[in-house]
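Before any comments, here is the structure.
Each ligand, and each atom within it, is numbered from 1 in the order the structure gives. When reading the values below, keep in mind they use all heavy atoms of this one structure, side chains included, and skip hydrogens, waters and symmetry mates.
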Amino acid sequence: MTSQRTRDRLITRLQQQGIHNEKVLEVMGRVPRHIFVDEALAHRAYEDTALPIGYGQTISQPYIVAHMTQLLIQDGMPNSVLEIGTGCGYQTAVLASIFPQVYSVERIGALHQQAKKRLNELEYYNVQLRHTDGTGGWPNIIYRFDCIIMTAACTEIPEALIQQLGSDGVMILPFDNGIDQTMVRVSHGADGPVVEDLEKVVFVPLLPGLE
Ligand code: SAH
């Protein structure tokens, strides 16, 4: 059930849905998604669907993970990425297999601890995790990130994230306008941030504060 063949089937499905980046397909073919979900759900880990991870949160659908990752690297090979919403750590592991430096923050302490343990056991040593509110970005940052990815939907793009995004950086996030959610790409323009609508999506909401 967790065999390479099951994983290969998922890759074929991702290709059919328009994921074409070789690196993304190769990485998603080898990151063990079943390790990031509860044992009772492991047999469903290679279905292209979101699954519950406890605390009212979900592991994102593989297509969404692949699509967002593809959008981050489509214009070259960035060095650093900040993820808001570590959750179970699966997207973090995919990013860590591609980016030299990965930073990820999570507001729920238990999820942060669990992701830390899993990512350590799987030997992703280029990942730094923090238990903090992602609306503030990475605490006491000394440089800016090449990419930022948010895995929960916000109703306002946090100012701290715009400030922590490098001048040529790309930020991908789900934006909730009160009616529905749209995946957007944010970059720096001559007159401030440029926000480009991509497609309709469904994410858990970005929540304030720590738990
Ligand atoms: N990337 C994750 C997605 C998890 S769902 C995965 O593939 O498993 C989104 C996550 O964002 C949840 O774990 C939730 O607790 C977290 N989150 C929500 N609001 C947050 C905030 N303000 N700061 C940091 N994390 C937040």
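In terms of modelled atom types and a separation under 3.5 Å, the side chain of Asp133 and the main chain of Pro208 share no donor-acceptor contact. Counting only distance, with no hydrogens or angles, the side chain of His131 and the backbone of Ala110 share no donor-acceptor pair below 3.5 Å. A donor-acceptor pair is defined here as one N or O able to donate and one able to accept, closer than 3.5 Å; no such pair exists between the side chain of His112 and the backbone of Leu129. Put simply, the side chain of Asp146 gets close to the backbone of Asn79: a donor and an acceptor are under 3.5 Å apart. In terms of modelled atom types and a separation under 3.5 Å, the side chain of Arg144 and the main chain of Leu165 share a donor-acceptor contact. The backbone N or O of Lys200 lies less than 3.5 Å from no partner atom in the side chain of Asp180, so there is not a single donor-acceptor pair. In this structure, Asn21 contributes its side chain and Val24 its backbone to a donor-acceptor pair below 3.5 Å. Checking side-chain atoms of Thr151 against main-chain N and O of Gly85 turns up a donor-acceptor pair under 3.5 Å.
Looking only at protein heavy atoms, the nearest one to atom 21 (C) of ligand 1 is Leu207 O, 3.4 Å. Ranking protein heavy atoms by distance to atom 9 (C) of ligand 1, first place goes to Thr151 O, 3.4 Å. Taking atom 14 (C) of ligand 1 as the reference point, the nearest protein heavy-atom neighbour is Gln57 OE1, 3.3 Å. For atom 23 (N) of ligand 1, the nearest protein heavy atom (residue, atom name, distance) is Gly134 N, 2.7 Å. The single protein non-hydrogen atom nearest to atom 5 (S) of ligand 1 is Thr58 O, 3.2 Å, given as residue, atom name and distance. For atom 11 (O) of ligand 1, the closest heavy atom belonging to the protein is Gly85 CA, 3.2 Å. The protein non-hydrogen atom at the shortest distance from atom 8 (O) of ligand 1 is Cys88 SG, 3.1 Å. What sits closest to atom 16 (C) of ligand 1 on the protein, heavy atoms only, is Glu106 OE1, 3.3 Å.
With Tyr46 as the fixed residue, the side-chain hydrogen bond (donor to acceptor under 3.5 Å, both in side chains) test singles out one of His34, Arg33, Arg9: His34.
Not a single N or O atom of Ile84, backbone or side chain, sits closer than 3.5 Å to an N or O atom of ligand 1. Considering both main-chain and side-chain atoms, Thr135 never comes within under 3.5 Å of ligand 1 through any nitrogen or oxygen pair. Residue Tyr90 places no N or O, backbone or side chain, under 3.5 Å from any N or O of ligand 1.
Close approach of ligand 1 to Val204 is summarised as follows: ligand atoms under 4.0 Å from at least one heavy atom of the residue are 5 (S), 9 (C). Each of the atoms 1 (N), 7 (O) of ligand 1 lies under 4.0 Å from some heavy atom of Gln91. Under a 4.0 Å criterion applied to the non-hydrogen atoms of Leu206, ligand 1 contributes the atoms 19 (N), 20 (C), 21 (C), 22 (N). Every atom of ligand 1 with a heavy atom of Glu83 under 4.0 Å away is listed here by number and element: 1 (N). The distance from ligand 1 to the heavy atoms of Gly87 drops below 4.0 Å at these ligand atoms: 4 (C), 13 (O). In the vicinity of Ser60, heavy-atom distances shorter than 4.0 Å reach the ligand 1 atoms 3 (C), 6 (C), 7 (O).
There is a side-chain donor-acceptor pair under 3.5 Å between Gln61 and Asp48. Counting only N and O atoms by type, the side chains of Thr86 and Glu106 include no donor and acceptor under 3.5 Å apart.
For the ligand labelled ligand 1, residue Pro208 lies outside the 4.0 Å heavy-atom shell. Within the structure, the closest approach of Thr132 to ligand 1 falls below 4.0 Å when heavy atoms are considered.
In this structure, Tyr143 and Phe145 have tilted ring planes: the angle between them lies in the 30° to 60° band.
When Ile59, Thr86, Ile108, Leu111 are checked for heavy-atom proximity to atom 2 (C) of ligand 1, Thr86 turns out nearest.
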